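All ligand and atom numbering here is 1-based and tracks the order in the structure. Small disclaimer: the values here were computed from a predicted structure and weren't measured.
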Amino acid sequence: MKRLLILVLTTCICASSHSAPIKAGFAERDITPKIGMERPGGYGKVFHRTFHDACKARAAVFDDGNKAVALVGLDALFIRKPSVDRVRAAIAARTGIRPGGVLIGASHSHSSGPVGMILPGEFDHASEWIQELAYKQSSVADPVYLKQMEQGIIEAVVEAFESRQTAQIGFGRGHEGEVQFNRRFHMKNGLTYTHPRYGNPDMLEPAGPIDPEVGVIGVWSADGKELLGCVVNWACHATTSPGGISANYVHYLEKAVRAVMGKDIVVCFLNGASGDITQVDNNSPVRQTGGEAAIKVGGSVGAETAKVLLKMQTRGTEAVIDHKLKMLEIPRRKPGAKRLAAAKELAGRPRKPTDNTTDWIFAKETLMLDALIAKEPVRKVEVQAIQIGPAVFLTTPAEYFCQFGLDQKKASPFAFTWPVSLANMLVGYVPTEAALGPRGGGYETRLTSYSNLVPDAGARMRDAGIDLAKSMKPGEPPKANDPMKFTAPWAYGAVPPEVD
Ligand SMILES: [Zn+2]
(Lines give C-alpha, C1' and ligand atoms only; values in the text may rest on other atoms or scores of the structure.)
Protein backbone atom coordinates (compact mmCIF):
# COMPACT_ATOMS: atom_id res chain seq x y z
CA MET A 1 0.00 0.00 0.00
CA LYS A 2 2.74 2.39 1.02
CA ARG A 3 4.79 1.59 -2.08
CA LEU A 4 1.76 2.17 -4.32
CA LEU A 5 1.18 5.58 -2.77
CA ILE A 6 4.77 6.64 -3.41
CA LEU A 7 4.47 5.46 -6.98
CA VAL A 8 1.30 7.49 -7.54
CA LEU A 9 2.89 10.53 -5.92
CA THR A 10 5.96 10.28 -8.13
CA THR A 11 3.78 10.16 -11.24
CA CYS A 12 1.88 13.24 -10.11
CA ILE A 13 5.02 15.26 -9.53
CA CYS A 14 6.34 14.35 -12.96
CA ALA A 15 3.11 15.32 -14.69
CA SER A 16 2.72 18.66 -12.93
CA SER A 17 6.27 19.85 -13.29
CA HIS A 18 6.52 19.21 -17.02
CA SER A 19 9.03 21.51 -18.54
CA ALA A 20 11.49 21.00 -21.30
CA PRO A 21 14.04 23.24 -22.93
CA ILE A 22 12.31 25.71 -25.24
CA LYS A 23 13.05 25.35 -28.89
CA ALA A 24 12.33 28.15 -31.31
CA GLY A 25 12.80 28.93 -34.98
CA PHE A 26 12.15 31.88 -37.29
CA ALA A 27 11.72 32.27 -41.05
CA GLU A 28 10.12 34.61 -43.54
CA ARG A 29 8.83 34.50 -47.11
CA ASP A 30 8.23 37.20 -49.70
CA ILE A 31 4.53 37.62 -50.54
CA THR A 32 4.81 40.80 -52.60
CA PRO A 33 1.88 41.23 -55.01
CA LYS A 34 2.39 42.07 -58.68
CA ILE A 35 2.01 45.53 -60.19
CA GLY A 36 -1.50 45.83 -61.60
CA MET A 37 -3.11 43.78 -58.84
CA GLU A 38 -5.76 45.38 -56.64
CA ARG A 39 -4.74 47.32 -53.54
CA PRO A 40 -7.49 46.74 -50.97
CA GLY A 41 -8.27 49.10 -48.11
CA GLY A 42 -11.25 51.08 -49.32
CA TYR A 43 -14.75 50.34 -50.61
CA GLY A 44 -13.97 50.64 -54.32
CA LYS A 45 -11.31 49.36 -56.73
CA VAL A 46 -7.72 50.71 -56.61
CA PHE A 47 -4.71 49.14 -58.34
CA HIS A 48 -0.99 48.92 -57.55
CA ARG A 49 1.12 50.99 -59.95
CA THR A 50 4.58 51.01 -58.31
CA PHE A 51 6.77 48.99 -55.95
CA HIS A 52 8.28 50.37 -52.74
CA ASP A 53 9.31 47.44 -50.53
CA ALA A 54 8.58 43.74 -50.08
CA CYS A 55 5.53 42.36 -48.29
CA LYS A 56 6.30 39.32 -46.16
CA ALA A 57 4.98 36.48 -44.03
CA ARG A 58 7.14 36.43 -40.88
CA ALA A 59 6.94 33.25 -38.80
CA ALA A 60 8.05 32.28 -35.29
CA VAL A 61 7.69 28.72 -33.97
CA PHE A 62 7.93 27.80 -30.27
CA ASP A 63 8.11 24.19 -29.07
CA ASP A 64 8.40 22.97 -25.46
CA GLY A 65 8.57 19.30 -26.44
CA ASN A 66 4.94 18.83 -25.46
CA LYS A 67 3.13 21.44 -27.57
CA ALA A 68 4.22 23.68 -30.41
CA VAL A 69 2.76 26.92 -31.72
CA ALA A 70 3.38 29.13 -34.74
CA LEU A 71 2.95 32.92 -34.79
CA VAL A 72 2.75 34.55 -38.20
CA GLY A 73 2.95 38.30 -38.75
CA LEU A 74 1.46 38.94 -42.18
CA ASP A 75 1.94 42.08 -44.28
CA ALA A 76 -1.66 42.20 -45.40
CA LEU A 77 -4.82 44.23 -44.86
CA PHE A 78 -6.36 41.12 -43.26
CA ILE A 79 -6.73 37.39 -43.82
CA ARG A 80 -10.00 35.55 -44.42
CA LYS A 81 -11.01 32.24 -42.83
CA PRO A 82 -10.81 29.98 -45.93
CA SER A 83 -7.14 30.94 -46.34
CA VAL A 84 -6.46 30.31 -42.64
CA ASP A 85 -8.19 26.91 -42.79
CA ARG A 86 -6.09 25.83 -45.79
CA VAL A 87 -2.85 27.12 -44.24
CA ARG A 88 -3.52 25.50 -40.86
CA ALA A 89 -4.29 22.13 -42.48
CA ALA A 90 -1.08 22.21 -44.54
CA ILE A 91 1.00 23.24 -41.51
CA ALA A 92 -0.53 20.44 -39.41
CA ALA A 93 0.28 17.90 -42.14
CA ARG A 94 3.87 19.04 -42.51
CA THR A 95 4.84 19.86 -38.90
CA GLY A 96 2.27 18.32 -36.56
CA ILE A 97 1.46 21.77 -35.12
CA ARG A 98 -2.26 21.61 -34.31
CA PRO A 99 -4.51 24.05 -36.24
CA GLY A 100 -5.44 25.80 -32.96
CA GLY A 101 -1.75 26.45 -32.32
CA VAL A 102 -1.32 28.55 -35.44
CA LEU A 103 -1.93 32.29 -35.05
CA ILE A 104 -1.94 34.42 -38.20
CA GLY A 105 -2.16 38.14 -37.49
CA ALA A 106 -2.44 40.64 -40.33
CA SER A 107 -0.59 43.94 -39.88
CA HIS A 108 -3.53 45.74 -41.57
CA SER A 109 -1.14 47.14 -44.18
CA HIS A 110 -3.05 49.40 -46.56
CA SER A 111 -0.33 49.02 -49.20
CA SER A 112 -0.21 45.22 -49.66
CA GLY A 113 -1.77 42.42 -51.72
CA PRO A 114 -5.31 41.74 -52.99
CA VAL A 115 -6.87 39.74 -50.13
CA GLY A 116 -10.38 41.24 -50.30
CA MET A 117 -12.60 43.00 -49.29
CA ILE A 118 -14.74 40.46 -51.17
CA LEU A 119 -13.80 36.81 -51.79
CA PRO A 120 -14.46 35.31 -55.23
CA GLY A 121 -17.78 33.43 -55.04
CA GLU A 122 -18.87 35.15 -51.82
CA PHE A 123 -21.92 36.75 -53.48
CA ASP A 124 -22.78 34.04 -56.00
CA HIS A 125 -26.05 33.43 -54.12
CA ALA A 126 -27.18 37.03 -54.61
CA SER A 127 -28.99 38.75 -57.49
CA GLU A 128 -27.10 39.78 -60.61
CA TRP A 129 -27.10 43.42 -59.54
CA ILE A 130 -25.68 42.66 -56.07
CA GLN A 131 -23.00 40.53 -57.76
CA GLU A 132 -22.16 43.52 -59.95
CA LEU A 133 -21.81 45.70 -56.82
CA ALA A 134 -19.66 43.12 -55.03
CA TYR A 135 -17.40 41.90 -57.82
CA LYS A 136 -17.19 44.94 -60.12
CA GLN A 137 -17.69 47.92 -57.80
CA SER A 138 -15.77 46.63 -54.76
CA SER A 139 -12.27 45.42 -54.03
CA VAL A 140 -12.06 41.66 -54.72
CA ALA A 141 -9.41 39.13 -53.66
CA ASP A 142 -7.23 37.65 -56.40
CA PRO A 143 -7.23 33.81 -56.19
CA VAL A 144 -3.72 33.65 -57.72
CA TYR A 145 -2.44 36.01 -55.05
CA LEU A 146 -4.26 34.20 -52.23
CA LYS A 147 -2.47 31.01 -53.27
CA GLN A 148 0.89 32.81 -53.33
CA MET A 149 0.24 34.31 -49.88
CA GLU A 150 -0.94 31.01 -48.39
CA GLN A 151 2.09 29.21 -49.82
CA GLY A 152 4.36 31.89 -48.36
CA ILE A 153 2.85 31.46 -44.88
CA ILE A 154 3.09 27.66 -45.03
CA GLU A 155 6.72 27.69 -46.19
CA ALA A 156 7.75 30.27 -43.58
CA VAL A 157 6.18 28.23 -40.76
CA VAL A 158 7.62 24.91 -42.02
CA GLU A 159 11.11 26.41 -42.28
CA ALA A 160 10.80 28.01 -38.83
CA PHE A 161 9.68 24.63 -37.45
CA GLU A 162 12.41 22.63 -39.14
CA SER A 163 15.13 25.07 -38.09
CA ARG A 164 13.96 25.29 -34.47
CA GLN A 165 16.76 24.98 -31.94
CA THR A 166 17.23 25.07 -28.19
CA ALA A 167 17.24 28.71 -27.30
CA GLN A 168 17.32 31.41 -24.70
CA ILE A 169 14.09 33.36 -24.49
CA GLY A 170 13.36 36.75 -22.96
CA PHE A 171 10.25 38.87 -22.45
CA GLY A 172 9.96 42.61 -22.11
CA ARG A 173 7.97 45.73 -22.78
CA GLY A 174 8.79 49.18 -24.03
CA HIS A 175 6.79 52.35 -24.51
CA GLU A 176 6.01 54.24 -27.70
CA GLY A 177 2.98 56.49 -27.33
CA GLU A 178 3.98 59.55 -29.33
CA VAL A 179 3.32 58.28 -32.86
CA GLN A 180 -0.12 56.72 -32.26
CA PHE A 181 -3.36 58.59 -31.63
CA ASN A 182 -6.98 57.75 -31.02
CA ARG A 183 -8.78 58.91 -34.15
CA ARG A 184 -12.23 59.32 -32.60
CA PHE A 185 -13.28 62.58 -30.96
CA HIS A 186 -16.25 63.74 -28.93
CA MET A 187 -17.89 66.62 -30.78
CA LYS A 188 -19.84 69.65 -29.57
CA ASN A 189 -23.03 68.21 -31.08
CA GLY A 190 -22.92 65.31 -28.61
CA LEU A 191 -21.78 62.70 -31.14
CA THR A 192 -18.40 61.10 -31.84
CA TYR A 193 -16.64 61.59 -35.19
CA THR A 194 -13.70 59.76 -36.72
CA HIS A 195 -10.93 62.04 -38.02
CA PRO A 196 -12.75 65.34 -37.43
CA ARG A 197 -9.58 66.92 -38.91
CA TYR A 198 -7.17 69.48 -37.52
CA GLY A 199 -8.67 72.89 -36.87
CA ASN A 200 -12.25 71.65 -36.55
CA PRO A 201 -13.83 74.13 -34.08
CA ASP A 202 -16.41 71.55 -32.96
CA MET A 203 -13.86 68.99 -31.84
CA LEU A 204 -13.58 68.28 -28.11
CA GLU A 205 -11.35 65.53 -26.58
CA PRO A 206 -10.41 62.05 -27.87
CA ALA A 207 -13.22 59.53 -27.35
CA GLY A 208 -10.92 56.64 -26.49
CA PRO A 209 -7.46 55.66 -25.24
CA ILE A 210 -4.24 54.60 -26.91
CA ASP A 211 -2.02 51.72 -25.76
CA PRO A 212 1.68 52.63 -25.94
CA GLU A 213 3.00 49.21 -24.82
CA VAL A 214 5.57 47.66 -27.16
CA GLY A 215 5.54 43.96 -26.25
CA VAL A 216 8.65 42.02 -27.21
CA ILE A 217 9.77 38.39 -27.09
CA GLY A 218 13.46 37.92 -27.95
CA VAL A 219 14.96 34.55 -28.87
CA TRP A 220 18.70 33.86 -28.82
CA SER A 221 20.81 30.81 -29.66
CA ALA A 222 21.45 28.41 -26.76
CA ASP A 223 24.78 30.10 -25.97
CA GLY A 224 23.06 33.48 -25.86
CA LYS A 225 25.33 34.99 -28.49
CA GLU A 226 23.11 35.20 -31.55
CA LEU A 227 19.67 36.84 -31.67
CA LEU A 228 17.52 34.58 -33.88
CA GLY A 229 14.39 36.65 -34.04
CA CYS A 230 11.76 38.56 -32.12
CA VAL A 231 8.01 38.94 -31.82
CA VAL A 232 6.66 42.50 -31.50
CA ASN A 233 3.19 43.61 -30.43
CA TRP A 234 2.02 47.23 -30.72
CA ALA A 235 -1.27 48.84 -31.72
CA CYS A 236 -1.73 51.22 -34.64
CA HIS A 237 -3.42 51.17 -38.06
CA ALA A 238 -0.87 50.48 -40.83
CA THR A 239 -2.06 53.44 -42.93
CA THR A 240 1.28 55.20 -43.37
CA SER A 241 1.42 54.02 -46.99
CA PRO A 242 4.73 55.32 -48.44
CA GLY A 243 3.45 55.08 -52.06
CA GLY A 244 3.47 51.83 -54.00
CA ILE A 245 3.47 48.23 -52.82
CA SER A 246 4.83 48.19 -49.26
CA ALA A 247 4.77 46.44 -45.89
CA ASN A 248 3.85 49.92 -44.63
CA TYR A 249 5.48 51.07 -41.36
CA VAL A 250 6.36 47.44 -40.57
CA HIS A 251 9.10 47.74 -43.22
CA TYR A 252 10.80 50.50 -41.22
CA LEU A 253 10.15 48.73 -37.92
CA GLU A 254 12.10 45.75 -39.29
CA LYS A 255 14.80 48.02 -40.71
CA ALA A 256 15.35 49.74 -37.35
CA VAL A 257 15.56 46.44 -35.43
CA ARG A 258 17.97 44.99 -38.00
CA ALA A 259 20.16 48.10 -38.00
CA VAL A 260 20.88 47.61 -34.29
CA MET A 261 20.47 43.87 -33.72
CA GLY A 262 21.62 42.20 -36.95
CA LYS A 263 20.65 42.14 -40.59
CA ASP A 264 19.00 38.70 -40.69
CA ILE A 265 16.78 39.06 -37.63
CA VAL A 266 13.20 37.97 -38.36
CA VAL A 267 10.78 40.51 -36.90
CA CYS A 268 7.35 38.93 -36.43
CA PHE A 269 5.02 41.89 -35.94
CA LEU A 270 1.53 41.33 -34.52
CA ASN A 271 -0.77 44.36 -34.46
CA GLY A 272 -2.61 45.00 -31.19
CA ALA A 273 -6.11 46.36 -30.59
CA SER A 274 -5.82 49.15 -33.15
CA GLY A 275 -9.33 49.57 -34.60
CA ASP A 276 -9.54 53.20 -33.45
CA ILE A 277 -5.80 53.97 -33.40
CA THR A 278 -4.01 55.90 -36.14
CA GLN A 279 -0.71 57.64 -36.84
CA VAL A 280 -2.63 60.85 -37.59
CA ASP A 281 -2.76 63.45 -34.82
CA ASN A 282 -6.01 65.32 -35.40
CA ASN A 283 -4.70 68.01 -33.02
CA SER A 284 -1.63 68.73 -35.14
CA PRO A 285 -1.30 70.75 -38.37
CA VAL A 286 1.55 68.47 -39.53
CA ARG A 287 0.59 65.95 -42.25
CA GLN A 288 1.00 62.35 -41.08
CA THR A 289 0.63 60.17 -44.16
CA GLY A 290 3.01 58.81 -46.75
CA GLY A 291 6.70 57.96 -46.60
CA GLU A 292 7.75 60.30 -43.80
CA ALA A 293 5.03 58.99 -41.51
CA ALA A 294 5.98 55.38 -42.35
CA ILE A 295 9.60 56.04 -41.34
CA LYS A 296 8.61 57.95 -38.21
CA VAL A 297 6.14 55.32 -36.94
CA GLY A 298 8.06 52.19 -37.98
CA GLY A 299 11.42 53.64 -37.01
CA SER A 300 10.19 54.73 -33.57
CA VAL A 301 8.60 51.37 -32.73
CA GLY A 302 11.58 49.49 -34.20
CA ALA A 303 14.06 51.57 -32.18
CA GLU A 304 12.01 50.94 -29.04
CA THR A 305 11.98 47.20 -29.86
CA ALA A 306 15.77 47.25 -30.20
CA LYS A 307 16.05 49.01 -26.83
CA VAL A 308 13.89 46.34 -25.18
CA LEU A 309 16.00 43.58 -26.77
CA LEU A 310 19.28 45.24 -25.70
CA LYS A 311 18.02 45.39 -22.11
CA MET A 312 16.69 41.81 -22.18
CA GLN A 313 19.54 40.28 -20.19
CA THR A 314 17.38 38.02 -18.04
CA ARG A 315 16.54 35.08 -20.25
CA GLY A 316 15.22 31.59 -19.68
CA THR A 317 15.75 28.25 -21.36
CA GLU A 318 12.28 26.90 -20.57
CA ALA A 319 8.79 28.18 -21.35
CA VAL A 320 5.52 26.27 -21.24
CA ILE A 321 3.63 26.39 -24.55
CA ASP A 322 -0.15 26.14 -24.69
CA HIS A 323 -2.98 27.10 -27.04
CA LYS A 324 -6.77 27.24 -26.81
CA LEU A 325 -9.60 28.28 -29.10
CA LYS A 326 -13.16 29.37 -28.56
CA MET A 327 -15.79 29.82 -31.26
CA LEU A 328 -18.47 32.41 -30.53
CA GLU A 329 -21.69 32.85 -32.46
CA ILE A 330 -22.47 36.53 -32.91
CA PRO A 331 -25.41 37.91 -34.94
CA ARG A 332 -25.04 40.69 -37.48
CA ARG A 333 -26.85 44.03 -37.07
CA LYS A 334 -29.64 44.30 -39.62
CA PRO A 335 -30.24 47.48 -41.61
CA GLY A 336 -33.72 48.86 -40.84
CA ALA A 337 -36.48 49.06 -43.46
CA LYS A 338 -35.95 52.81 -44.01
CA ARG A 339 -32.17 52.48 -44.49
CA LEU A 340 -32.67 49.55 -46.86
CA ALA A 341 -35.29 51.36 -48.95
CA ALA A 342 -33.05 54.44 -49.27
CA ALA A 343 -30.12 52.23 -50.27
CA LYS A 344 -32.19 50.50 -52.96
CA GLU A 345 -33.27 53.87 -54.29
CA LEU A 346 -29.67 55.11 -54.58
CA ALA A 347 -27.52 52.03 -55.31
CA GLY A 348 -30.15 49.79 -56.87
CA ARG A 349 -28.90 51.22 -60.18
CA PRO A 350 -25.57 52.32 -61.70
CA ARG A 351 -23.96 55.36 -60.10
CA LYS A 352 -24.76 58.70 -61.82
CA PRO A 353 -22.19 61.51 -61.94
CA THR A 354 -24.58 63.60 -59.84
CA ASP A 355 -24.74 61.01 -57.01
CA ASN A 356 -22.84 61.82 -53.83
CA THR A 357 -19.99 59.27 -53.92
CA THR A 358 -19.92 58.63 -50.16
CA ASP A 359 -23.68 58.15 -49.99
CA TRP A 360 -23.64 55.83 -53.00
CA ILE A 361 -20.78 53.70 -51.60
CA PHE A 362 -22.48 53.17 -48.25
CA ALA A 363 -25.83 52.47 -49.96
CA LYS A 364 -23.99 49.80 -51.97
CA GLU A 365 -22.62 48.44 -48.69
CA THR A 366 -26.13 48.27 -47.19
CA LEU A 367 -27.37 46.21 -50.15
CA MET A 368 -24.38 43.88 -49.94
CA LEU A 369 -24.87 43.44 -46.19
CA ASP A 370 -28.51 42.58 -46.80
CA ALA A 371 -27.36 39.81 -49.15
CA LEU A 372 -24.86 38.50 -46.59
CA ILE A 373 -27.52 38.40 -43.88
CA ALA A 374 -29.69 36.27 -46.18
CA LYS A 375 -26.83 33.76 -46.34
CA GLU A 376 -25.30 34.04 -42.87
CA PRO A 377 -27.25 36.06 -40.27
CA VAL A 378 -25.03 34.82 -37.42
CA ARG A 379 -21.23 34.77 -37.68
CA LYS A 380 -18.88 32.27 -36.14
CA VAL A 381 -16.10 34.25 -34.45
CA GLU A 382 -12.83 32.67 -33.37
CA VAL A 383 -11.01 33.82 -30.24
CA GLN A 384 -7.63 32.22 -29.56
CA ALA A 385 -5.11 32.23 -26.72
CA ILE A 386 -1.49 31.29 -27.29
CA GLN A 387 0.80 30.94 -24.28
CA ILE A 388 4.55 31.25 -24.40
CA GLY A 389 5.74 30.97 -20.80
CA PRO A 390 4.75 34.17 -18.96
CA ALA A 391 3.18 35.73 -22.09
CA VAL A 392 -0.21 35.19 -23.68
CA PHE A 393 -1.46 36.41 -27.06
CA LEU A 394 -5.25 36.91 -27.18
CA THR A 395 -6.68 37.16 -30.67
CA THR A 396 -9.78 38.64 -32.22
CA PRO A 397 -10.64 38.66 -35.94
CA ALA A 398 -11.67 42.30 -35.59
CA GLU A 399 -10.44 45.81 -36.08
CA TYR A 400 -10.73 45.80 -32.35
CA PHE A 401 -11.10 48.97 -30.29
CA CYS A 402 -8.12 49.81 -28.09
CA GLN A 403 -10.11 49.88 -24.83
CA PHE A 404 -10.89 46.15 -25.15
CA GLY A 405 -7.18 45.31 -25.36
CA LEU A 406 -6.47 47.39 -22.24
CA ASP A 407 -9.32 45.60 -20.44
CA GLN A 408 -7.81 42.23 -21.36
CA LYS A 409 -4.37 43.28 -20.11
CA LYS A 410 -5.89 44.36 -16.79
CA ALA A 411 -7.89 41.16 -16.24
CA SER A 412 -5.34 38.62 -17.46
CA PRO A 413 -3.33 36.57 -14.94
CA PHE A 414 -0.26 36.67 -17.21
CA ALA A 415 2.76 38.94 -16.67
CA PHE A 416 2.55 39.84 -20.37
CA THR A 417 -0.80 39.96 -22.20
CA TRP A 418 -0.71 40.97 -25.83
CA PRO A 419 -3.95 41.34 -27.83
CA VAL A 420 -3.70 40.56 -31.55
CA SER A 421 -6.32 42.02 -33.87
CA LEU A 422 -7.28 40.95 -37.41
CA ALA A 423 -6.20 37.40 -36.58
CA ASN A 424 -7.28 34.10 -38.14
CA MET A 425 -10.41 35.45 -39.86
CA LEU A 426 -12.22 38.75 -40.41
CA VAL A 427 -15.28 40.44 -38.94
CA GLY A 428 -14.45 44.12 -39.62
CA TYR A 429 -14.63 46.92 -37.06
CA VAL A 430 -15.79 45.95 -33.59
CA PRO A 431 -16.41 49.15 -31.58
CA THR A 432 -17.29 49.56 -27.92
CA GLU A 433 -20.94 49.66 -26.92
CA ALA A 434 -20.49 53.37 -26.09
CA ALA A 435 -19.38 54.00 -29.69
CA LEU A 436 -22.62 52.40 -30.87
CA GLY A 437 -24.66 54.27 -28.23
CA PRO A 438 -26.42 57.66 -28.35
CA ARG A 439 -23.16 59.67 -27.90
CA GLY A 440 -21.27 57.46 -30.31
CA GLY A 441 -21.03 57.34 -34.08
CA GLY A 442 -18.19 57.76 -36.54
CA TYR A 443 -16.71 55.76 -39.37
CA GLU A 444 -16.17 52.49 -37.48
CA THR A 445 -19.86 52.37 -36.49
CA ARG A 446 -21.16 52.57 -40.07
CA LEU A 447 -23.23 49.50 -40.95
CA THR A 448 -21.49 47.86 -43.93
CA SER A 449 -20.89 44.46 -45.49
CA TYR A 450 -17.51 44.68 -43.72
CA SER A 451 -18.51 45.77 -40.19
CA ASN A 452 -21.84 44.65 -38.84
CA LEU A 453 -21.78 42.67 -35.59
CA VAL A 454 -24.24 43.44 -32.76
CA PRO A 455 -23.13 46.07 -30.17
CA ASP A 456 -22.01 43.62 -27.45
CA ALA A 457 -19.76 41.64 -29.85
CA GLY A 458 -16.59 43.35 -28.60
CA ALA A 459 -17.34 42.67 -24.94
CA ARG A 460 -18.09 39.03 -25.70
CA MET A 461 -14.79 38.58 -27.55
CA ARG A 462 -12.92 40.38 -24.78
CA ASP A 463 -14.43 38.18 -22.05
CA ALA A 464 -13.86 34.99 -24.05
CA GLY A 465 -10.18 35.90 -24.41
CA ILE A 466 -9.89 36.65 -20.67
CA ASP A 467 -11.59 33.32 -19.84
CA LEU A 468 -9.09 31.46 -22.04
CA ALA A 469 -6.17 33.26 -20.38
CA LYS A 470 -7.56 32.43 -16.93
CA SER A 471 -7.88 28.75 -17.87
CA MET A 472 -4.13 28.58 -18.56
CA LYS A 473 -1.27 28.37 -16.08
CA PRO A 474 1.00 31.40 -16.56
CA GLY A 475 4.72 30.74 -16.44
CA GLU A 476 7.11 32.81 -14.34
CA PRO A 477 9.21 35.42 -16.16
CA PRO A 478 12.81 34.15 -16.48
CA LYS A 479 15.15 34.70 -13.55
CA ALA A 480 18.76 35.89 -13.96
CA ASN A 481 20.74 33.10 -15.66
CA ASP A 482 23.91 33.39 -13.65
CA PRO A 483 22.96 35.57 -10.66
CA MET A 484 25.85 37.35 -8.93
CA LYS A 485 26.48 36.58 -5.26
CA PHE A 486 27.78 39.26 -2.91
CA THR A 487 31.30 38.81 -1.62
CA ALA A 488 32.75 42.24 -0.94
CA PRO A 489 32.20 45.87 -2.08
CA TRP A 490 34.55 47.49 -4.58
CA ALA A 491 37.68 48.22 -2.56
CA TYR A 492 38.40 51.55 -4.32
CA GLY A 493 34.88 52.79 -3.56
CA ALA A 494 34.26 51.67 0.01
CA VAL A 495 35.83 54.62 1.87
CA PRO A 496 34.66 57.74 3.76
CA PRO A 497 35.18 61.14 2.04
CA GLU A 498 38.82 62.19 2.06
CA VAL A 499 38.69 65.95 2.58
CA ASP A 500 42.22 66.48 3.77
ZN1 LIG B 1 -9.03 49.88 -40.53
The angle formed at the Zn ion (ligand 1) by OE1 of E399 and NE2 of H237 is about (to 10 degrees) 90°
Look at the N, O or S atoms of Y429, main chain and side chain alike, and state whether any lies under 2.8 Å from the Zn ion (ligand 1).
yes
* To do: Report yes or no: does H108 have an N/O/S atom closer than 2.8 Å to the Zn ion (ligand 1)?
  => yes
Does S139 form a side-chain hydrogen bond (donor to acceptor under 3.5 Å, both in side chains) with E38? I'd like the steps, not just the answer. CA-CA 7 Å; S139 186; E38 282 196 48; 3.1 Å; yes
Indicate yes or no: at least one non-hydrogen side-chain atom of V250 is less than 4.5 angstrom from one of S109.
no
- Message: Assess whether a salt bridge exists between E304 and K307, defined as any Lys/Arg side-chain N lying under 4.0 Å from an Asp/Glu carboxylate O.
- Response: yes
Identify whether the distance between the nearest side-chain nitrogen and carboxylate oxygen of R184 and D276 falls below 4.0 Å. no
